[in-house]
**Student:** 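Starting off with a structure, shown below.
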Amino acid sequence: MTTHTQRRVAVVTGASRGVGKGIAIALGQVGFTVYLTGRSLASSQMTLHGQPLPGTLEETARAVTEAGGQGIPVACDHGDNEQVRALFARVEQEQGHLDLLVNNAIALHENLIDAGPFWQKPLDMTRMLDVGLKSSYVASYFAAPLLLKAEKGLIVFTSSYGAGCYMHGPIYGAQKAGGDKMVADMAVDFENTDVACVSLWLGPQRTERSAIAAQSRPDAYGEIMQTGETPEFNGRVIAALLDDPDLAQHSGKTLISAELAQDYGIRDVDNSQPPSYRQLLGAPLSWHPARVD
(Lines give C-alpha, C1' and ligand atoms only; values in the text may rest on other atoms or scores of the structure.)
Protein backbone atom coordinates (compact mmCIF):
# COMPACT_ATOMS: atom_id res chain seq x y z
CA MET A 1 0.00 0.00 0.00
CA THR A 2 1.12 3.54 -0.69
CA THR A 3 3.17 5.23 2.05
CA HIS A 4 1.87 8.63 3.15
CA THR A 5 3.93 11.25 4.98
CA GLN A 6 0.98 12.92 6.69
CA ARG A 7 -2.12 11.47 8.27
CA ARG A 8 -5.03 11.30 5.87
CA VAL A 9 -8.48 12.43 6.92
CA ALA A 10 -11.75 10.51 6.62
CA VAL A 11 -15.34 11.02 7.69
CA VAL A 12 -17.33 7.83 8.34
CA THR A 13 -21.01 8.43 9.00
CA GLY A 14 -23.04 6.08 11.15
CA ALA A 15 -20.04 4.61 12.97
CA SER A 16 -21.28 3.79 16.47
CA ARG A 17 -21.42 0.11 15.57
CA GLY A 18 -21.74 -2.29 12.67
CA VAL A 19 -20.41 -1.53 9.21
CA GLY A 20 -19.36 2.04 9.99
CA LYS A 21 -17.46 1.00 13.10
CA GLY A 22 -15.53 -1.74 11.30
CA ILE A 23 -14.64 0.51 8.36
CA ALA A 24 -13.41 3.22 10.74
CA ILE A 25 -11.19 0.79 12.65
CA ALA A 26 -9.69 -0.54 9.42
CA LEU A 27 -8.91 3.02 8.36
CA GLY A 28 -7.29 3.63 11.73
CA GLN A 29 -5.07 0.62 11.13
CA VAL A 30 -3.55 2.40 8.12
CA GLY A 31 -3.12 5.69 9.95
CA PHE A 32 -6.18 7.78 9.11
CA THR A 33 -7.62 10.52 11.25
CA VAL A 34 -11.27 9.47 11.27
CA TYR A 35 -14.19 11.71 12.17
CA LEU A 36 -16.98 9.38 13.28
CA THR A 37 -20.62 10.35 13.42
CA GLY A 38 -23.62 9.07 15.30
CA ARG A 39 -26.60 10.64 17.00
CA SER A 40 -25.00 10.54 20.46
CA LEU A 41 -21.52 10.09 21.86
CA ALA A 42 -21.97 7.79 24.81
CA SER A 43 -25.44 6.26 24.73
CA SER A 44 -27.78 4.49 22.37
CA GLN A 45 -31.49 3.73 22.37
CA MET A 46 -31.28 1.50 19.31
CA THR A 47 -32.87 -1.91 19.76
CA LEU A 48 -33.52 -5.01 17.70
CA HIS A 49 -36.21 -7.49 18.72
CA GLY A 50 -36.35 -5.79 22.09
CA GLN A 51 -32.63 -6.12 22.74
CA PRO A 52 -30.42 -3.02 22.96
CA LEU A 53 -27.76 -2.78 20.28
CA PRO A 54 -24.30 -2.48 21.83
CA GLY A 55 -21.70 0.09 20.85
CA THR A 56 -21.18 3.82 21.19
CA LEU A 57 -19.42 6.48 19.18
CA GLU A 58 -16.85 7.09 21.91
CA GLU A 59 -16.02 3.37 22.01
CA THR A 60 -15.48 3.33 18.26
CA ALA A 61 -13.24 6.41 18.45
CA ARG A 62 -11.07 4.74 21.08
CA ALA A 63 -10.82 1.61 18.94
CA VAL A 64 -9.70 3.68 15.93
CA THR A 65 -6.99 5.35 18.01
CA GLU A 66 -5.87 2.05 19.51
CA ALA A 67 -5.61 0.63 15.99
CA GLY A 68 -3.05 3.29 15.08
CA GLY A 69 -5.13 6.19 13.77
CA GLN A 70 -6.91 9.05 15.47
CA GLY A 71 -10.59 8.65 16.19
CA ILE A 72 -12.64 11.82 16.65
CA PRO A 73 -16.28 11.24 17.67
CA VAL A 74 -18.82 13.86 16.57
CA ALA A 75 -22.46 13.73 17.64
CA CYS A 76 -24.40 14.43 14.46
CA ASP A 77 -27.99 13.71 13.51
CA HIS A 78 -27.86 13.20 9.74
CA GLY A 79 -31.51 14.13 9.51
CA ASP A 80 -30.50 17.71 10.42
CA ASN A 81 -28.71 19.50 7.57
CA GLU A 82 -27.32 22.18 9.88
CA GLN A 83 -25.59 19.57 12.05
CA VAL A 84 -24.04 18.04 8.93
CA ARG A 85 -22.85 21.45 7.75
CA ALA A 86 -21.26 22.05 11.17
CA LEU A 87 -19.49 18.68 11.00
CA PHE A 88 -17.69 19.53 7.78
CA ALA A 89 -17.00 23.09 8.91
CA ARG A 90 -15.17 21.55 11.87
CA VAL A 91 -13.20 19.23 9.61
CA GLU A 92 -12.20 22.20 7.47
CA GLN A 93 -11.14 24.24 10.48
CA GLU A 94 -9.14 21.42 12.08
CA GLN A 95 -7.73 19.65 9.00
CA GLY A 96 -8.07 21.96 6.00
CA HIS A 97 -9.06 19.17 3.65
CA LEU A 98 -10.71 15.74 3.44
CA ASP A 99 -9.42 12.63 1.66
CA LEU A 100 -12.33 10.24 2.14
CA LEU A 101 -16.04 10.33 2.91
CA VAL A 102 -17.85 7.07 3.65
CA ASN A 103 -21.62 7.56 3.46
CA ASN A 104 -22.85 4.81 5.75
CA ALA A 105 -25.47 6.40 8.04
CA ILE A 106 -28.91 4.88 7.58
CA ALA A 107 -32.06 4.75 9.71
CA LEU A 108 -32.41 0.97 9.92
CA HIS A 109 -35.80 0.24 11.45
CA GLU A 110 -36.21 -2.33 14.20
CA ASN A 111 -38.75 -4.18 12.02
CA LEU A 112 -36.70 -4.09 8.81
CA ILE A 113 -35.98 -7.82 8.72
CA ASP A 114 -39.42 -8.94 9.88
CA ALA A 115 -41.22 -11.32 7.56
CA GLY A 116 -44.23 -10.04 5.64
CA PRO A 117 -45.15 -7.57 2.89
CA PHE A 118 -44.36 -3.86 3.11
CA TRP A 119 -47.93 -2.81 4.00
CA GLN A 120 -47.74 -4.88 7.18
CA LYS A 121 -44.61 -3.10 8.36
CA PRO A 122 -44.41 0.34 10.04
CA LEU A 123 -44.75 3.27 7.66
CA ASP A 124 -41.90 5.12 9.35
CA MET A 125 -39.46 2.72 7.71
CA THR A 126 -39.50 5.42 5.01
CA ARG A 127 -36.98 7.28 7.22
CA MET A 128 -34.35 5.33 5.26
CA LEU A 129 -35.02 7.72 2.40
CA ASP A 130 -34.18 10.62 4.73
CA VAL A 131 -31.33 9.25 6.83
CA GLY A 132 -29.78 7.01 4.20
CA LEU A 133 -30.43 8.46 0.76
CA LYS A 134 -31.00 12.19 1.31
CA SER A 135 -28.41 12.36 4.10
CA SER A 136 -25.74 10.87 1.83
CA TYR A 137 -26.42 13.61 -0.71
CA VAL A 138 -26.19 16.28 2.01
CA ALA A 139 -22.94 14.90 3.43
CA SER A 140 -21.45 14.73 -0.07
CA TYR A 141 -22.61 18.31 -0.75
CA PHE A 142 -20.73 19.69 2.25
CA ALA A 143 -17.75 17.37 1.80
CA ALA A 144 -17.11 18.14 -1.87
CA PRO A 145 -15.19 21.43 -1.41
CA LEU A 146 -12.90 19.77 1.15
CA LEU A 147 -12.32 16.72 -1.05
CA LEU A 148 -11.31 19.00 -3.91
CA LYS A 149 -8.55 20.39 -1.69
CA ALA A 150 -7.00 16.94 -1.20
CA GLU A 151 -4.32 15.41 -3.39
CA LYS A 152 -6.90 12.75 -4.24
CA GLY A 153 -10.41 12.43 -2.85
CA LEU A 154 -12.98 9.65 -2.68
CA ILE A 155 -16.64 9.35 -1.74
CA VAL A 156 -17.89 5.83 -0.95
CA PHE A 157 -21.53 4.84 -0.51
CA THR A 158 -21.99 1.56 1.38
CA SER A 159 -24.57 -0.26 -0.71
CA SER A 160 -25.96 -3.76 -1.06
CA TYR A 161 -27.05 -6.48 -3.43
CA GLY A 162 -30.49 -5.32 -2.28
CA ALA A 163 -30.19 -2.58 -4.89
CA GLY A 164 -30.71 -5.26 -7.53
CA CYS A 165 -32.63 -8.07 -5.84
CA TYR A 166 -35.48 -8.20 -3.32
CA MET A 167 -33.99 -7.74 0.14
CA HIS A 168 -35.84 -6.48 3.23
CA GLY A 169 -38.59 -4.88 1.15
CA PRO A 170 -39.05 -2.03 -1.34
CA ILE A 171 -37.87 0.87 0.84
CA TYR A 172 -34.52 -0.78 1.54
CA GLY A 173 -34.06 -1.62 -2.12
CA ALA A 174 -35.00 1.88 -3.26
CA GLN A 175 -32.56 3.46 -0.81
CA LYS A 176 -29.66 1.33 -2.02
CA ALA A 177 -30.50 1.66 -5.72
CA GLY A 178 -30.91 5.41 -5.31
CA GLY A 179 -27.44 5.66 -3.80
CA ASP A 180 -25.94 3.73 -6.70
CA LYS A 181 -27.49 6.15 -9.20
CA MET A 182 -26.47 9.15 -7.12
CA VAL A 183 -22.84 8.03 -7.32
CA ALA A 184 -23.06 7.70 -11.11
CA ASP A 185 -24.35 11.25 -11.42
CA MET A 186 -21.92 12.73 -8.89
CA ALA A 187 -19.06 11.28 -10.93
CA VAL A 188 -20.21 13.33 -13.91
CA ASP A 189 -20.00 16.50 -11.83
CA PHE A 190 -16.54 15.49 -10.55
CA GLU A 191 -15.15 14.95 -14.07
CA ASN A 192 -11.76 16.60 -14.62
CA THR A 193 -11.08 16.75 -10.88
CA ASP A 194 -9.09 14.47 -8.57
CA VAL A 195 -12.21 13.32 -6.72
CA ALA A 196 -13.84 9.96 -7.44
CA CYS A 197 -17.02 8.43 -6.08
CA VAL A 198 -18.11 4.80 -5.99
CA SER A 199 -20.87 2.68 -4.52
CA LEU A 200 -19.84 -0.61 -2.92
CA TRP A 201 -22.08 -3.64 -2.70
CA LEU A 202 -21.14 -5.31 0.57
CA GLY A 203 -21.83 -8.97 1.20
CA PRO A 204 -23.65 -10.29 4.30
CA GLN A 205 -22.09 -8.55 7.31
CA ARG A 206 -21.08 -9.97 10.68
CA THR A 207 -22.31 -7.18 12.94
CA GLU A 208 -23.94 -6.69 16.33
CA ARG A 209 -27.29 -6.45 14.55
CA SER A 210 -26.72 -9.72 12.70
CA ALA A 211 -25.72 -11.46 15.94
CA ILE A 212 -29.01 -10.49 17.59
CA ALA A 213 -31.00 -11.40 14.46
CA ALA A 214 -29.37 -14.84 14.44
CA GLN A 215 -30.95 -15.59 17.82
CA SER A 216 -34.48 -15.19 16.46
CA ARG A 217 -33.86 -16.19 12.83
CA PRO A 218 -31.00 -18.71 12.85
CA ASP A 219 -32.13 -20.03 9.47
CA ALA A 220 -31.38 -16.70 7.79
CA TYR A 221 -28.73 -15.09 9.98
CA GLY A 222 -26.93 -17.95 11.70
CA GLU A 223 -24.87 -18.70 8.60
CA ILE A 224 -24.00 -15.03 8.17
CA MET A 225 -22.30 -15.02 11.56
CA GLN A 226 -20.21 -17.97 10.41
CA THR A 227 -19.39 -17.09 6.80
CA GLY A 228 -20.24 -13.40 6.27
CA GLU A 229 -17.82 -10.52 5.79
CA THR A 230 -16.57 -8.46 8.70
CA PRO A 231 -16.99 -4.70 8.40
CA GLU A 232 -13.21 -4.37 8.85
CA PHE A 233 -12.78 -6.31 5.60
CA ASN A 234 -14.68 -3.62 3.73
CA GLY A 235 -12.62 -0.91 5.41
CA ARG A 236 -9.49 -2.58 4.03
CA VAL A 237 -11.04 -2.57 0.56
CA ILE A 238 -11.92 1.13 0.80
CA ALA A 239 -8.39 2.05 1.90
CA ALA A 240 -6.92 0.08 -1.01
CA LEU A 241 -9.36 1.70 -3.43
CA LEU A 242 -8.23 5.18 -2.40
CA ASP A 243 -4.62 4.11 -3.00
CA ASP A 244 -5.40 2.60 -6.41
CA PRO A 245 -3.52 4.57 -9.11
CA ASP A 246 -6.42 3.78 -11.44
CA LEU A 247 -9.06 5.10 -9.02
CA ALA A 248 -10.45 7.53 -11.59
CA GLN A 249 -11.40 4.59 -13.82
CA HIS A 250 -13.77 3.36 -11.10
CA SER A 251 -15.52 6.68 -10.50
CA GLY A 252 -19.26 6.57 -10.98
CA LYS A 253 -19.43 2.79 -10.80
CA THR A 254 -21.14 0.41 -8.45
CA LEU A 255 -18.58 -2.24 -7.48
CA ILE A 256 -18.75 -5.47 -5.51
CA SER A 257 -16.48 -5.23 -2.48
CA ALA A 258 -15.55 -8.93 -2.49
CA GLU A 259 -14.45 -8.70 -6.14
CA LEU A 260 -12.29 -5.65 -5.46
CA ALA A 261 -10.71 -7.52 -2.55
CA GLN A 262 -9.71 -10.34 -4.86
CA ASP A 263 -8.19 -7.84 -7.29
CA TYR A 264 -6.24 -6.14 -4.50
CA GLY A 265 -5.19 -9.35 -2.72
CA ILE A 266 -7.17 -8.50 0.43
CA ARG A 267 -8.48 -11.13 2.81
CA ASP A 268 -10.79 -10.86 5.80
CA VAL A 269 -9.54 -10.62 9.38
CA ASP A 270 -9.81 -14.41 9.78
CA ASN A 271 -7.85 -14.89 6.53
CA SER A 272 -10.96 -16.04 4.64
CA GLN A 273 -11.71 -14.83 1.12
CA PRO A 274 -15.33 -13.63 1.04
CA PRO A 275 -17.11 -14.63 -2.18
CA SER A 276 -18.94 -12.50 -4.68
CA TYR A 277 -22.68 -13.17 -4.85
CA ARG A 278 -22.96 -11.85 -8.41
CA GLN A 279 -24.28 -15.11 -9.81
CA LEU A 280 -26.80 -15.63 -7.01
CA LEU A 281 -28.06 -12.08 -6.35
CA GLY A 282 -27.29 -10.21 -9.54
CA ALA A 283 -24.84 -7.66 -10.91
CA PRO A 284 -24.77 -3.87 -10.53
CA LEU A 285 -26.23 -1.75 -13.30
CA SER A 286 -23.94 0.16 -15.64
CA TRP A 287 -25.23 3.70 -16.04
CA HIS A 288 -24.88 5.54 -19.34
CA PRO A 289 -22.25 8.30 -19.11
CA ALA A 290 -24.08 10.69 -21.45
CA ARG A 291 -24.79 14.12 -20.00
CA VAL A 292 -27.89 16.16 -20.71
CA ASP A 293 -28.09 19.53 -18.92
Side-chain angles (χ1 to χ4, degrees), residues 7 9-80 82-88 90-91 94-95 98 100-113 124 127-128 130-132 135-136 138-139 143 156 158 202 205-216 221 224-225 228-236 238-239 269:
R7 197 182 291 273
V9 183
V11 170
V12 180
T13 70
S16 297
R17 62 187 63 80
V19 170
K21 177 180 180 179
I23 288 173
I25 292 172
L27 294 174
Q29 291 170 348
V30 291
F32 274 80
T33 291
V34 186
Y35 286 77
L36 315 142
T37 73
R39 284 187 294 176
S40 63
L41 295 177
S43 63
S44 173
Q45 298 182 0
M46 297 288 292
T47 62
L48 182 65
H49 299 307
Q51 297 188 48
L53 285 166
T56 69
L57 208 56
E58 290 180 336
E59 290 171 355
T60 299
R62 286 194 293 271
V64 170
T65 301
E66 290 168 359
Q70 181 184 10
I72 301 175
V74 181
C76 179
D77 181 350
H78 281 273
D80 183 334
E82 177 56 28
Q83 291 188 38
V84 180
R85 184 206 63 76
L87 162 69
F88 289 98
R90 176 178 173 181
V91 174
E94 295 177 355
Q95 308 296 334
L98 180 66
L100 172 65
L101 167 64
V102 180
N103 281 318
N104 177 70
I106 181 172
L108 290 177
H109 198 280
E110 182 175 11
N111 300 105
L112 176 67
I113 64 173
D124 63 356
R127 286 198 66 235
M128 279 188 283
D130 183 19
V131 179
S135 63
S136 294
V138 173
V156 174
T158 57
L202 314 185
Q205 297 293 293
R206 285 184 264 168
T207 64
E208 302 90 343
R209 182 178 289 270
S210 298
I212 292 175
Q215 297 174 21
S216 59
Y221 287 86
I224 289 175
M225 295 308 298
E229 300 168 359
T230 68
E232 290 91 333
F233 167 75
N234 293 289
R236 293 177 177 182
I238 290 169
V269 296

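Both backbone and side-chain heavy atoms feed into the values below; hydrogens, waters and symmetry mates do not.
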**Student:** For residues Pro231 and Gly22, report the shortest heavy-atom separation together with the two atoms involved.
**Tutor:** CB-CA, 3.6 Å
**Student:** Nearest 0.5 Å, please: how far is CG in Leu108 from CD1 in Ile113?
**Tutor:** 10.0 Å
**Student:** Mind listing the side-chain donor-acceptor pairs of residues 63-79 below 3.5 Å, one per line with the distance, residues two or more places apart or on another chain?
**Tutor:**
from	atom 1	to	atom 2	distance (Å)
Thr65	OG1	Ala61	O	3.2
Thr65	OG1	Gly71	N	3.0
Gln70	OE1	Thr33	OG1	3.4
Asp77	OD1	Gly79	N	2.8
His78	NE2	Thr37	OG1	2.9

**Student:** What is the minimum heavy-atom distance between Glu232 and Ala26, and which atoms define it?
**Tutor:** O-CB, 3.4 Å
**Student:** Quick one: list whatever passes side chain to side chain contact (heavy atoms under 4.5 Å, CB included) with Thr158, sequence neighbours left out.
**Tutor:** Val19, Ile23, Val102, Asn104, Leu202
**Student:** Minimum heavy-atom separation for Leu27 and Gly235, please, with both atom names.
**Tutor:** CD2-O, 4.2 Å
**Student:** Shortest non-hydrogen contact from Ser135 to Ala105?
**Tutor:** OG-O, 4.2 Å
**Student:** How long is the span from the CZ atom in Arg62 to the OG1 atom in Thr56, to the nearest 0.5 Å?
**Tutor:** 6.0 Å
**Student:** Per the side-chain contact (heavy atoms from CB on, under 4.5 Å) rule, which among Ile106, Leu101, Val131 passes with Thr13?
**Tutor:** Leu101
**Student:** Which heavy atom of Leu98 sits nearest a heavy atom of Ala143, and at what distance?
**Tutor:** CD2-CB, 3.9 Å
**Student:** Not counting sequence neighbours, which residues clear salt bridge (Lys or Arg N to Asp or Glu O under 4.0 Å) with Arg90? List them please.
**Tutor:** Glu94
**Student:** Quick one: list whatever passes side-chain hydrogen bond (donor to acceptor under 3.5 Å, both in side chains) with Arg85, sequence neighbours left out.
**Tutor:** Glu82
**Student:** Can you tell me if Thr60 uses its side chain to pair, donor with acceptor, with the backbone of Ala15 under 3.5 Å?
**Tutor:** yes
**Student:** When rounded to the nearest 0.5 angstrom, what is the spacing between CD in Glu229 and CZ in Arg236?
**Tutor:** 12.5 Å
**Student:** List the residues meeting side-chain hydrogen bond (donor to acceptor under 3.5 Å, both in side chains) with Asn103, not counting sequence neighbours, and say none if there are none.
**Tutor:** Ser140
**Student:** Ignoring hydrogens, what is the shortest heavy-atom contact between Ser16 and Gly38? Give both atom names and the distance.
**Tutor:** OG-CA, 4.0 Å
**Student:** Residues two or more places apart in sequence or in another chain: which of them pass side-chain hydrogen bond (donor to acceptor under 3.5 Å, both in side chains) with Gln95?
**Tutor:** Tyr35
